[in-house]
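For reference, the structure is listed below as structure tokens.
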Amino acid sequence: MKALLIKDCRNFLHSEDGAVTVDWVVLTAAVVGLGTIAGAVVWSKTGTAASQIATFIGERSINTSTF
């Protein structure tokens, strides 16, 4: 029984299945992080552009006398 436990522990320590999982988790976290940063940059630029467009449109007057 003790020899079986030691053998199982050795097999677990030499197995690389967990390492592959960790690699995928790290890669996925990196992709999510980069996507978040890119989204934040786009969001800030879009908000600025939308504000400028709203100001531009708000300053214009519509001539309704010809309708």
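Residues take their numbers from the sequence shown, with the count starting at 1.
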Connected to Val26, directly or through other members, by ILVMFWY side-chain contacts below 4.5 Å are Val22
When every non-hydrogen atom of Ser44 is compared with those of Val41, the smallest separation belongs to OG-O, 2.9 Å
Check: residues 50-61 side-chain donor-acceptor pairs under 3.5 Å, at least two apart:
from: Thr55; atom 1: OG1; to: Ser51; atom 2: O; distance (Å): 2.9

Taking only residues two or more places apart in sequence, or in another chain, which ones meet Ile6 in a side chain to side chain contact (heavy atoms under 4.5 Å, CB included)?
Lys2, Arg10
Just verifying a value: how many Å separate Leu4 CG and Asp8 CG, rounded to the nearest 0.5 Å?
4.5 Å
